[in-house]
Every structure is written in structure tokens, then in C-alpha cells.
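Some notes on the structure that comes next.
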Amino acid sequence: MFDLYFHSARLFVSLTVGGALVGVLHRHHGVVALILGVILLTFFWQNYKLYKPFVPRGVVLICGAFLTGCLGVMAELWGIRNGYWEYHNLAPGREFPLWLPFAWSLTFIFLYRIEELFIECLQLRGMRVKLLLAALFSAFFPAWGEMVTVNLGVWTYAWPHQLFGIPALAVVLLTALHTSIYLVLMLLCQRYQIRDPVFGPRA
């Protein structure tokens, strides 16, 4: 149980520090994009060295990160063009910063890591329990990361009913998006019998 508390705290601190880093450097979009891109590639490389063969786990991680990045960009464009939120300190003609796709992909990686930690430490097996865990984590951790960056002046929401700059509707939509991605990957792992600890069928 100590491992669960320790590693959970470490991941939470890393999320907070990452959000603060984006907030402090958000005027330098290229620099932030480069840093987040290097972090993403480093994670994949570390997993490649740690898990061999890497193919089943690698397919899940790459597909999840890519899918989350693409859907995240689509959601950003929808929100920006409808005036639901606005990014600050952008160059003329830009709708959103360069680092956003990497931030969305890393959010998937973060959720994967903390879900894997809880699943392993608590010996969770049922897919319904895993899905509930994904929904709970998707409701809290992405919203916390946004809370850090919003309060450092990266962007502003126009929706009402906000807590520390994060509206309730944003939390609902973040939860729905990340949980939907989880469900898609879970179904793919079941269909092709991929033994992934987070999304795979019961061992």
C-alpha cells in the first residue's frame, strides 16, 4: 500500500509541475512543444526498454496517445471557434498553441500510468471496475492540470459555474472524452485479445 501512496503522490507532483511549467513558459510555444515532445518520446523509449516484446503494450500506448491528441485538437478547435475558451499570448493568426497536441497525448499517458498503478496494487480485474476508475481519474486529474495552467494565465474559459477558473461543464466534457477513449481501447483489446494491464481482458 505504501507503493500506491508513494507513486500516486509522485505522479500527482509531476502533473502539477508539468502544468506549472506550461504556465510559466506558455508565451514560448515552440519551447513548450519541444519539451513535451521530448517527454513523450522518452516515455515510449523507456517503455520499449522495460517491456519486451513491446508490440502489444506499444500499440495500445501509441494508439491511445495519438487518438487522444487528435480528439483533443478537434475539441480545442470546437471550443475556440465557438468562443467557449480563449488562449492568451498567441502569435497573430494562431488559434491554439503548438504544444496542445503533446499535452493531450501526455494526459493519456498520465492517466494510463496512474490507472495501471491502482489496478496492480489493488488487484483489480473486472472491466466495469476499471471503467469506473478511469471515469473518476478522468474527472479529477485533467481538471487539476487545467486548473494549474488556467491560473497561470494560459487561457480563460467563458462558461459559468467555475471553481478556480475551471467550469463544471469542462470537467464533464473532459471526463466523457477520456472515458470514451478508454472504452474504445478496452473494446479493441478485447476484440484482439491484447493482454494490456489497463485495457486488456481479464487475465
Side-chain angles (χ1 to χ4, degrees), residues 7-8 10-19 21-22 26 29-79 96-120 127 130-131 133-146 148-149 154 170 173-192 194-201:
H7 290 296
S8 296
R10 184 172 58 85
L11 287 170
F12 182 75
V13 170
S14 69
L15 174 64
T16 305
V17 171
L21 180 68
V22 172
H26 75 273
H29 307 292
V31 173
V32 176
L34 179 62
I35 292 173
L36 296 186
V38 168
I39 292 173
L40 188 63
L41 290 176
T42 301
F43 173 80
F44 285 128
W45 176 247
Q46 289 176 342
N47 274 262
Y48 172 76
K49 292 192 298 182
L50 187 62
Y51 299 97
K52 295 182 179 180
F54 182 62
V55 173
R57 184 184 180 94
V59 167
V60 171
L61 290 172
I62 292 172
C63 285
F66 180 77
L67 181 60
T68 304
C70 290
L71 291 178
V73 169
M74 292 172 61
E76 296 286 352
L77 292 174
W78 168 77
F96 62 87
L98 295 171
W99 48 264
L100 267 183
F102 299 106
W104 278 96
S105 296
L106 283 169
T107 300
F108 169 81
I109 297 299
F110 176 88
L111 291 172
Y112 182 96
R113 291 179 66 189
I114 197 162
E115 287 164 18
E116 182 181 27
L117 174 65
F118 272 73
I119 288 168
E120 290 182 353
M127 299 310 296
K130 291 183 179 183
L131 190 60
L133 188 69
L136 291 174
F137 287 165
S138 298
F140 176 73
F141 290 109
W144 173 258
E146 287 200 355
V148 173
T149 52
V154 181
L173 293 177
L174 283 169
T175 304
L177 188 145
H178 288 293
T179 306
S180 297
I181 293 170
Y182 184 102
L183 184 59
V184 168
L185 292 173
M186 183 181 72
L187 293 174
L188 286 175
C189 285
Q190 288 183 332
R191 172 66 177 82
Y192 296 102
I194 299 175
R195 294 293 177 179
D196 184 81
V198 176
F199 302 109

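Since this is a predicted model, take the numbers as computed values, not measurements.
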In this structure, OG of S105 is separated from CD1 of I39 (nearest 0.5 Å) by 12.5 Å

The salt bridge (charged side-chain N to carboxylate O under 4.0 Å, His left out) partners of E116 (sequence neighbours excluded) come to R57

Closest non-hydrogen atoms of T175 and A135, given as atom of the first, atom of the second and distance, are CG2-O, 3.5 Å

Close side-chain approach of F43 to L61, heavy-atom, < 4.5 Å
yes

L100 side chain near P97 side chain, heavy-atom distance below 4.5 Å = yes

Name all residues meeting the ring-ring contact (aromatic ring centres under 6.0 Å, His included) criterion together with [X]; count only those two or more places apart in sequence or in a different chain, and write none if there are none.
{"X": "F118", "result": "F137"}
{"X": "F66", "result": "none"}
{"X": "Y182", "result": "F199"}
{"X": "F102", "result": "none"}

Using atom types as modelled, flag every donor-acceptor pair under 3.5 Å from a side chain in residues 68-76 to any protein atom, sequence neighbours excluded.
unit_1, atom_1, unit_2, atom_2, d
T68, OG1, G64, O, 2.7
E76, OE1, W85, NE1, 3.0
E76, OE1, Y87, OH, 3.0
E76, OE2, Y87, OH, 3.1
E76, OE2, W104, NE1, 3.0

- [ ] Could you tell me whether W78 atom CH2 has more than 12 heavy atoms of other residues or ligands within 6.0 Å of it?
- [x] yes

- Message: Other residues, nucleotides and ligands only: do more than 12 of their heavy atoms fall within 6.0 Å of CZ on F140?
- Response: yes

- Query: Under the 3.5 angstrom rule, does the side chain of K130 hit a backbone N or O of E115 as a donor-acceptor pair?
  - Reply: no

